[in-house]
Amino acid sequence: MADDVVIRFNKVSKVYRLYKSDKQRFLSMILRRKVEVRKFKAIDNISFEVKKGESLGIIGRNGAGKSTLLKLITGVTFPTTGSVQVNGQVSALLELTAGFDQELTGRENIFLKGYIMGLEEKQIKKLEQDIIDFAEVNEFIDQPIRMFSSGMKARLGFAINAVINPDILVVDEALSVGDAVFSAKCKKKIRELIEGGVTVLFVSHSADKIKDFCNRAILLVKGRLVASGGVDEVIEKYKQSINMSTAKK
């Protein structure tokens, strides 16, 4: 990849095999028996690039393929055809409480998630207090995380992913964290990361949020990339696609 390109999709498709039951899945995957299966193409021959420091909006209706696109970028799943290249450390604000061990303390979970992200112990220690302060969980940080409220867990999850200052930050509608004051704090932090040169992918079906954070956007419709360019231009095409879909009903 060119030095200024941090993400490249080249003719990427992702096909899921949909089984009628878990029994059929077992017969197919473990015993290698032929069973009836339906194939669903979640991503269909997509190509695009993201340059270092860009804030790219990924917009589309539910079922457009946005979540699958994120899973491909974060390495949760892999393409059926084509190639995905990612250059840099990726931090994902997806399911904020995923990966926490309920029996470990909040502090221990900071280290656990840091290790999962590929950080070394000395790096985590350097960021530890900043994460605790940002999450506003100082009093509870040495308690088992099962004792945290759902809001406290989400705040800690956001803080871990945002404070580590990644090369690439993936945000999936994760800004409604806690109360209005903390949500505003999260938005401010993401803007600081963007201004600091972090590459941000912001996934939403809210045109206002895309406008708020992004300088470029792509539109997905039923797994296909149908528009790429300036935010206003892509959002207008998004609105047109919604109107067309509504008219057909």
Side-chain angles (χ1 to χ4, degrees), residues 7-20 37-51 54-82 84 86 90-98 154 157-158 161 168-177 183 186-187 190-191 194 199-249:
I7 297 172
R8 173 176 290 152
F9 274 55
N10 182 30
K11 298 181 179 179
V12 173
S13 293
K14 178 62 182 180
V15 179
Y16 290 106
R17 297 166 64 86
L18 305 180
Y19 297 88
K20 286 186 175 181
V37 62
R38 183 167 68 89
K39 293 182 179 181
F40 172 70
K41 186 173 282 189
I43 294 293
D44 189 0
N45 196 34
I46 284 181
S47 296
F48 69 93
E49 293 181 346
V50 183
K51 293 185 177 180
E54 276 194 306
S55 50
L56 176 72
I58 303 172
I59 195 166
R61 302 183 69 186
N62 290 334
K66 304 188 301 298
S67 294
T68 299
L69 198 73
L70 296 190
K71 289 176 182 177
L72 290 164
I73 292 169
T74 55
V76 173
T77 190
F78 301 95
T80 305
T81 59
V84 177
V86 179
V90 180
S91 178
L93 296 173
L94 306 176
E95 176 53 57
L96 293 175
T97 60
F158 183 98
N161 284 279
I168 303 165
L169 180 66
V170 179
V171 185
D172 184 13
E173 300 279 22
L175 295 183
S176 55
V177 181
S183 182
C186 294
K187 291 177 182 178
I190 289 178
R191 289 195 179 94
I194 292 171
T199 304
V200 173
L201 277 68
F202 191 88
V203 181
S204 179
H205 47 69
S206 166
D208 289 338
K209 287 182 179 178
I210 293 291
K211 286 182 178 180
D212 209 14
F213 288 98
C214 304
N215 53 31
R216 189 164 75 87
I218 60 175
L219 169 62
L220 298 182
V221 176
K222 295 182 179 179
R224 291 181 174 271
L225 196 160
V226 299
S228 175
V231 171
D232 290 337
E233 172 193 352
V234 172
I235 286 175
E236 182 59 33
K237 291 185 178 180
Y238 172 57
K239 290 178 179 177
Q240 290 173 7
S241 72
I242 292 175
N243 291 337
M244 289 175 62
S245 178
T246 303
K248 288 179 181 179
K249 293 179 181 179

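Hydrogens, waters and symmetry mates play no part in the numbers below; they use all other heavy atoms, side chains included.
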| Side chains of Ile194 and Phe202 in contact at under 4.5 Å (non-hydrogen atoms) | no
| task | Can you sort out the partners of Thr77 under side chain to side chain donor-acceptor pair (under 3.5 Å), two or more places apart, ordered by chain and number? | result | Lys14
| message | Strictly distance-based, threshold 3.5 Å: is any side-chain N or O of Ser204 a donor or acceptor partner for the main-chain N or O of Ile210? | response | no
| field | Shortest non-hydrogen contact from Pro79 toward Gly82 | value | CG-O, 3.8 Å
| Tell me, do Val50 and Ile168 make a side-chain contact under 4.5 Å, heavy atoms counted? | no
| Is the backbone N or O of Thr80 less than 3.5 Å from a side-chain atom of Ser13, with the two atoms forming a donor-acceptor pair by type? | no
| request: Any chance you could measure Ile7, atom CD1, to Glu54, atom CD, to the nearest 0.5 Å? | output: 9.5 Å
| said: Measuring only between side-chain heavy atoms, which start at C-beta, is Leu201 closer than 4.5 Å to Leu69? | reply: no
| message | Could you tell me if the side chain of Leu72 sits less than 4.5 Å from the side chain of Phe9, heavy atoms only? | response | yes
Would you give me the side-chain donor-acceptor pairs under 3.5 Å for residues 221-236, sequence neighbours excluded?
residue: Arg224; atom: NE; partner: Asp44; partner atom: OD2; Å: 3.3
residue: Arg224; atom: NH2; partner: Asp44; partner atom: OD2; Å: 3.0
residue: Ser228; atom: OG; partner: Arg216; partner atom: NH1; Å: 3.4

| field | side chain to side chain contact (heavy atoms under 4.5 Å, CB included) assessment of Leu220 paired with Ile46 | value | CA-CA 9 Å; Leu220 298 182; Ile46 284 181; 3.6 Å; yes
| note | Rounding to 0.5 Å, atoms CD1 (Ile59) and CG (Leu219) come to a distance of 7.0 Å
| message | If I compare all heavy atoms of Arg61 with all of Ile242, which pair ends up nearest, and what's the gap? | response | CD-CG1, 4.0 Å
| message | Has Lys39 got a side-chain atom pairing as donor or acceptor with Val15's backbone, closer than 3.5 angstrom? | response | no
| query | When rounded to the nearest 0.5 angstrom, what is the spacing between NZ in Lys71 and NZ in Lys66? | reply | 12.5 Å
| field | Gap separating the OG1 atom of Thr68 from the CD1 atom of Ile73, nearest 0.5 angstrom | value | 11.0 Å
| Backbone of Lys11 reached by a side-chain donor or acceptor of Ser47 within 3.5 Å | yes
| query | Given side chains that start at C-beta, do those of Leu56 and Phe48 come closer than 4.5 Å, heavy atoms only? | reply | yes
| message | Measuring only between side-chain heavy atoms, which start at C-beta, is Arg191 closer than 4.5 Å to Asp212? | response | yes
